[in-house]
Amino acid sequence: MKRTEIKKMSKDEIIKNIDKYKKDLFNFRFQKMNSQVTNPSKIGETKKTIARLKTILKGKSNA
C-alpha cells in the first residue's frame, strides 16, 4: 500500500487496515511454520505496510 493511499484514509479506516494486516501476518507465521508459504516476500511487505499505517496514524493523531 502506497503512502499516498494511506494519507487519504480516515483514522478508522487506518485502524481497520492495521487489524487486517496483523491477521494476515499471523496467518503467514503459521504457514511458515508448516512450510506452506507460497510467497515469502509477502511477510516482509506486510510488516512494512503495518509500519507505514502506524506512522501515518501517529502523524494524524498529533496534528
Side-chain angles (χ1 to χ4, degrees):
M1 186 173 283
K2 299 282 184 183
R3 184 178 171 161
T4 53
E5 296 172 11
I6 298 170
K7 281 192 169 189
K8 292 178 185 176
M9 294 181 187
S10 68
K11 287 183 184 181
D12 293 332
E13 289 175 325
I14 292 174
I15 292 170
K16 286 179 187 176
N17 277 322
I18 289 172
D19 290 338
K20 185 187 87 158
Y21 281 111
K22 281 187 177 182
K23 287 178 186 174
D24 289 345
L25 189 59
F26 182 77
N27 289 330
F28 286 141
R29 286 190 194 125
F30 272 103
Q31 289 176 2
K32 185 177 179 182
M33 259 180 20
N34 295 325
S35 301
Q36 297 175 343
V37 176
T38 55
N39 190 357
S41 65
K42 284 293 237 180
I43 297 170
E45 186 180 321
T46 304
K47 286 181 182 180
K48 289 178 184 177
T49 303
I50 292 171
R52 280 188 200 107
L53 287 165
K54 285 184 174 182
T55 302
I56 300 293
L57 181 65
K58 187 170 183 171
K60 284 189 176 202
S61 65
N62 286 343

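All residue numbers in this chain count up from 1 along the given sequence.
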Asker: Could you grab the distance from atom NZ of K7 to atom CD1 of I56, nearest 0.5 Å is fine?
Answerer: 5.5 Å

Asker: Donor-acceptor pairs under 3.5 Å, side chain of residues 10-29 to any protein atom, not counting sequence neighbours: which ones?
Answerer:
from: S10; atom 1: OG; to: E13; atom 2: N; distance (Å): 3.4
from: E13; atom 1: OE1; to: S10; atom 2: N; distance (Å): 2.9
from: N17; atom 1: ND2; to: E13; atom 2: O; distance (Å): 3.3
from: N27; atom 1: ND2; to: K23; atom 2: O; distance (Å): 3.3

Asker: If you measure from CE on M9 to OG1 on T4, what distance do you get to the nearest 0.5 Å?
Answerer: 10.0 Å

Asker: Show me the side-chain donor-acceptor pairs of residues 45-52 shorter than 3.5 Å, one per line, residues at least two apart or across chains.
Answerer:
from: T46; atom 1: OG1; to: K42; atom 2: O; distance (Å): 2.6
from: T49; atom 1: OG1; to: E45; atom 2: O; distance (Å): 2.9

Asker: Calculate, to the nearest 0.5 Å, the distance between atoms CD and OG1 belonging to Q31 and T38 respectively.
Answerer: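 That separation rounds to 6.5 Å.
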
